[in-house]
Amino acid sequence: MNEKPQAKILVVFADTIRKIPKGKVATYGQIAAAAGFPGAARQVVRALHAYHGLPWHRVVGAGGAIRVPGEDALEQRLRLEMEGVTFRGLRVDLDRHQFRFRR
DNA sequence: TCCGTGACGCGAT
DNA sequence: CATCGCGCCACGG
């Protein structure tokens with residue numbers, strides 16, 4: 001029952017996502033890069049599906065766009081606004097809420 | 001094994 | 001600002 005090497009990557013992404021503080025957001029691509037895998041934005045999505053308890057609502061698309069499909073999009077927005085995150089039209093105001101990972 | 005799919009991103013139009 | 005096209009890549013049917 002050996003583990004797939006990919007599982008490792010998902011753990012790294014999960015840890016990275018957990019670092020996003022309340023009231024802040026990070027983009028899929030930003031998370032991938034911060035975790036050491038620039039360009040692996042799609043893998044970030046896999047991590048979100050694979051792990052429970054992650055602050056999934058704090059993950060947005062490039063430019064602050066809500067990318068979650070269907071009704072969940074509204075829930076994400078509400079959760080964010082609940083934390084004080086503001087929007088500019090349909091996108092999160094990244095200038096004010098984008099989280100900066102430490103290097 | 002092949003092929004369509006997707007909570008992506010970015011440059012071009 | 002809205003769309004489109006293309007690269008990317010693990011998954012699942």
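Quick note on labels: first sequence line is chain A, next is B, and so on, each numbered from 1. In this text, all values refer to a predicted model and were calculated from it rather than measured experimentally.
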For this session: Would you please name every residue forming a side chain to side chain contact (heavy atoms under 4.5 Å, CB included) with A/A33, sequence neighbours left out?
Result: A/P38
For this session: Please state how far atom CZ in A/R91 lies from atom P in B/dA7, giving the value in whole angstrom units.
Result: 20 Å
Exercise. In whole angstroms, how far is the C1' atom of C/dT3 from the CG atom of A/L90?
Worked result: 16 Å
For this session: Round to the nearest Å and state the distance from A/H49 atom NE2 to B/dA7 atom C1'.
Result: 6 Å
Exercise. Between A/Q76 and A/I66, which heavy-atom pair has the shortest distance, and what is it?
Worked result: OE1-CG2, 3.4 Å
Close N/O contacts between protein and nucleotides 4-10 of chain C (under 3.5 Å):
unit_1 : atom_1 : unit_2 : atom_2 : d
C/dC8  : O2     : A/R42  : NH1    : 3.4

Exercise. A/A32 and A/F13: which non-hydrogen atoms are nearest, and at how many Å?
Worked result: CA-CE2, 3.5 Å
Exercise. Are A/V12 and A/I20 joined in one hydrophobic group, where the rule is that I, L, V, M, F, W and Y side chains link up if heavy atoms are under 4.5 Å apart?
Worked result: no
For this session: For the pair A/Q98 (side chain) and A/V92 (backbone), establish whether a donor and an acceptor sit closer than 3.5 Å, ignoring hydrogens and angles.
Result: no
Exercise. Are a donor atom and an acceptor atom from the side chains of A/H57 and A/E83 found within less than 3.5 Å of each other?
Worked result: yes
Exercise. Which whole-number value in Å describes the distance from A/I66 CD1 to B/dG9 P?
Worked result: 12 Å
